[in-house]
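Numbers here are sequence positions counted from 1.
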Amino acid sequence: IGMLPVARITEVTGYIKGGCSPVGMKKLYKTVIDESAEGFDTIIFSAGKRGMQLEVSPKKLAAAIGAQFCSIAVKA
């Protein structure tokens, strides 16, 4: 798994850097959330506009967008 290179964000998604959100996308992308997020009551993520964020339960976010929790974090 890897992040999309910043230079390709607009080309692939149609959105600008800072405007990519797991909610409200025009195309349904497979979304995974690191399993560590399940240990928090809420998480904060991009709301689709630079400088705007949403705070929600990770389980509610996953249910709303069809995401799954996986071990994806890289330990330094």
Side-chain angles (χ1 to χ4, degrees):
I1 189 166
M3 296 292 286
L4 184 65
V6 174
R8 296 201 56 220
I9 289 174
T10 302
E11 168 195 342
V12 173
T13 69
Y15 296 95
I16 61 168
K17 176 186 168 194
C20 294
S21 173
V23 296
M25 288 285 210
K26 295 175 187 172
K27 181 177 177 185
L28 184 60
Y29 292 96
K30 182 175 181 178
T31 303
V32 294
I33 303 170
D34 188 72
E35 64 190 8
S36 64
E38 291 183 283
F40 296 94
D41 292 333
T42 62
I43 59 173
I44 298 171
F45 58 94
S46 173
K49 182 177 180 182
R50 284 186 183 174
M52 187 178 293
Q53 291 82 36
L54 290 170
E55 183 174 7
V56 71
S57 154
K59 290 178 181 157
K60 286 184 179 179
L61 172 62
I65 63 173
Q68 61 186 124
F69 292 97
C70 299
S71 177
I72 59 172
V74 176
K75 308 275 188 220

A.B. asks: In the single-linkage hydrophobic clustering (I, L, V, M, F, W, Y; side-chain heavy atoms under 4.5 Å), do I44 and M52 co-cluster?
C.D. replies: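 No, separate clusters.
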A.B. asks: Taking only residues two or more places apart in sequence or in another chain, which ones pass side chain to side chain contact (heavy atoms under 4.5 Å, CB included) with P58?
C.D. replies: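 With sequence neighbours excluded, P58 shows a side chain to side chain contact (heavy atoms under 4.5 Å, CB included) to A37, I43, F69, given in chain and number order.
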A.B. asks: I9 and V12: same hydrophobic cluster, using ILVMFWY side-chain contacts below 4.5 Å?
C.D. replies: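 Same cluster.
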A.B. asks: For G48 and S21, which heavy atoms make the closest approach, and how far apart are they?
C.D. replies: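 In terms of heavy atoms, the two residues are closest at N-CB, 3.5 Å.
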A.B. asks: About how many Å separate CG of D34 and SG of C70, when rounded to the nearest 0.5 Å?
C.D. replies: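 Going from the SG atom of C70 to the CG atom of D34 covers 8.5 Å.
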A.B. asks: Between T10 (side chain only) and Y15 (backbone N and O only), is there a donor and an acceptor less than 3.5 Å apart?
C.D. replies: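 At least one qualifying donor-acceptor pair exists.
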A.B. asks: To the closest 0.5 Å, what do you measure between CD (E55) and OG1 (T42)?
C.D. replies: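 Rounded to the nearest 0.5 Å, the CD-OG1 separation comes out at 3.5 Å.
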A.B. asks: Would a single hydrophobic cluster contain both F45 and V32, if residues Ile, Leu, Val, Met, Phe, Trp and Tyr are joined by side-chain heavy-atom contacts under 4.5 Å?
C.D. replies: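 Cluster IDs for V32 and F45 differ.
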A.B. asks: Calculate, to the nearest 0.5 Å, the distance between atoms CD and OG belonging to Q53 and S46 respectively.
C.D. replies: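 Nearest 0.5 Å value for the CD-OG distance: 7.0 Å.
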A.B. asks: Any chance you could measure T13, atom OG1, to L4, atom CG, to the nearest 0.5 Å?
C.D. replies: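 If I round to the nearest 0.5 Å, the distance is 7.0 Å.
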